[in-house]
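These notes concern the structure reproduced below.
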Amino acid sequence: MSTATENPLSLTEIGPAERGTRPDEVVIAVSPAFAGFFTRTIVNVPHAEVLRQLMAGIEEQGVTSRLIRVWDTADLAAIAHTGAKLSGSGICVGLLSRGTTMIHQKDLARLSNLELFPQSPLLDAEVFRGIGSNAAQYAKGESPQPVPTRNDQMARPRWQAKAALLHLKEFEQIRNGVRPVEVALGAPVAG
């Protein structure tokens, strides 16, 4: 998923992820292999671009973002729900390395969500920006229109084998018993 010539994003752990106190905060919770073992989504969108667009969409709504990494699972609903419970606003955008994304709210059941973006091969920079914008609007107590996405019935069969392999590699990065950590964007790693 990465090449020798790219400069992947660096996420630096800055300590345990604590419950936020800012009501204008959206947590972005990433999976164990995001911007680490993997540096791009299933369709080669760089993780740096994914975060840049999400954060820009959040910021454009006048809301702040905070990044955390969830180490103990590769389940998107669990990652997003954990992030929502740590968010000052109760809203989180959860991300898997392959790009599958979810907007979650702390008061919803783990397997419920505000918006789910399961077709990761169809997510691009514009969609990620819209996801950030919608998450921020939910944090402000608004009810935005769902982010428009493309639909391709052949995406699943076309990408299923690769998605399964990526999930297995993501699963290998899990650190059982390790609590979520807050992370900061670092400078790109020299290639």
Side-chain angles (χ1 to χ4, degrees), residues 7-31 34-36 39-41 45-70 76-110 112-120 122-150 179-188:
N7 288 327
L9 173 70
S10 169
L11 293 180
T12 305
E13 290 188 15
I14 56 176
E18 302 295 337
R19 171 94 167 103
T21 58
R22 295 184 62 157
D24 67 339
E25 164 188 85
V26 170
V27 163
I28 299 171
V30 299
S31 61
F34 189 93
T39 60
R40 295 173 169 266
T41 69
V45 177
H47 286 168
E49 180 67 5
V50 170
L51 289 180
R52 187 175 82 76
Q53 293 298 333
L54 283 170
M55 294 169 90
I58 292 167
E59 184 179 300
E60 288 167 357
Q61 292 294 326
V63 176
T64 62
S65 60
R66 181 166 60 108
L67 294 170
I68 68 167
R69 181 183 306 278
V70 177
L76 180 59
I79 290 166
H81 195 245
T82 296
K85 289 191 286 185
L86 292 170
S87 172
S89 70
I91 301 296
C92 174
V93 175
L95 284 166
L96 294 180
S97 294
R98 67 180 175 263
T100 307
T101 307
M102 175 185 291
I103 303 174
H104 216 310
Q105 181 176 318
K106 71 175 181 176
D107 298 331
L108 295 176
R110 187 174 65 88
S112 294
N113 59 72
L114 295 171
E115 293 186 53
L116 173 63
F117 306 90
Q119 290 193 327
S120 55
L122 303 178
L123 303 183
D124 57 19
E126 181 180 346
V127 173
F128 285 115
R129 193 178 203 108
I131 293 168
S133 177
N134 271 20
Q137 290 175 67
Y138 288 121
K140 295 189 298 184
E142 298 174 5
S143 298
Q145 291 296 312
V147 176
T149 57
R150 298 183 323 241
R179 291 182 31 88
V181 293
E182 190 159 345
V183 293
L185 294 173

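What's counted below: heavy atoms across the whole structure, side chains too, no hydrogens, waters or symmetry copies. For this chain, numbers begin at 1 and follow the sequence in order.
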E49/R40 ion pair, N-O < 4.0 Å: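 No salt bridge links E49 with R40.
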
salt_bridge(R66, E182) N-O dist < 4.0 Å: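 The answer is yes: the pair qualifies as a salt bridge.
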
Nearest-0.5 Å distance, [atom1] of residue [X] to [atom2] of residue [Y]:
X	Y	atom1	atom2	result
T149	L122	OG1	CG	7.5 Å
I28	L67	CD1	CG	5.0 Å
L96	T101	CG	OG1	7.5 Å
L11	R69	CG	CZ	5.0 Å
S133	E60	OG	CD	7.0 Å
I68	C92	CD1	SG	6.0 Å

Decide yes or no for [X] and [Y]: does some side-chain heavy atom of the first lie under 4.5 Å from some side-chain heavy atom of the second?
X	Y	value
L116	L76	yes
M102	I79	no
T41	L123	no
L51	F34	yes
V93	I131	yes
F117	L95	no
V181	V70	no
S97	S31	yes

Chi angles and distances behind the side-chain contact (heavy atoms from CB on, under 4.5 Å) call for I91, L114: CA-CA 9 Å; I91 301 296; L114 295 171; 3.7 Å; yes

Intermediate values then yes/no, side-chain contact (heavy atoms from CB on, under 4.5 Å), E115 and Y138: CA-CA 11 Å; E115 293 186 53; Y138 288 121; 2.8 Å; yes

If you count the non-hydrogen atoms of other residues, nucleotides and ligands that lie under 6.0 Å from [atom1] in [X], is the total more than 12?
X	atom1	value
E142	CD	yes
E59	CD	no
E126	CD	no

Residue pair A184 / I14: nearest heavy atoms and the distance that separates them: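 Closest heavy-atom pair between A184 and I14: CB-CG2, 4.0 Å.
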
Closest heavy-atom pair and its distance - M55, S65: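 Smallest heavy-atom distance, with atoms named: CE-OG, 3.5 Å.
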
Step-by-step side-chain contact (heavy atoms from CB on, under 4.5 Å) determination, T64 to R22: CA-CA 9 Å; T64 62; R22 295 184 62 157; 3.3 Å; yes

Partner set under salt bridge (charged side-chain N to carboxylate O under 4.0 Å, His left out) for R110, not counting sequence neighbours: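 If we apply the salt bridge (charged side-chain N to carboxylate O under 4.0 Å, His left out) test to R110, skipping adjacent residues, the hits are D75.
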
Stepwise side-chain contact (heavy atoms from CB on, under 4.5 Å) test for L86 and E18: CA-CA 6 Å; L86 292 170; E18 302 295 337; 5.9 Å; no

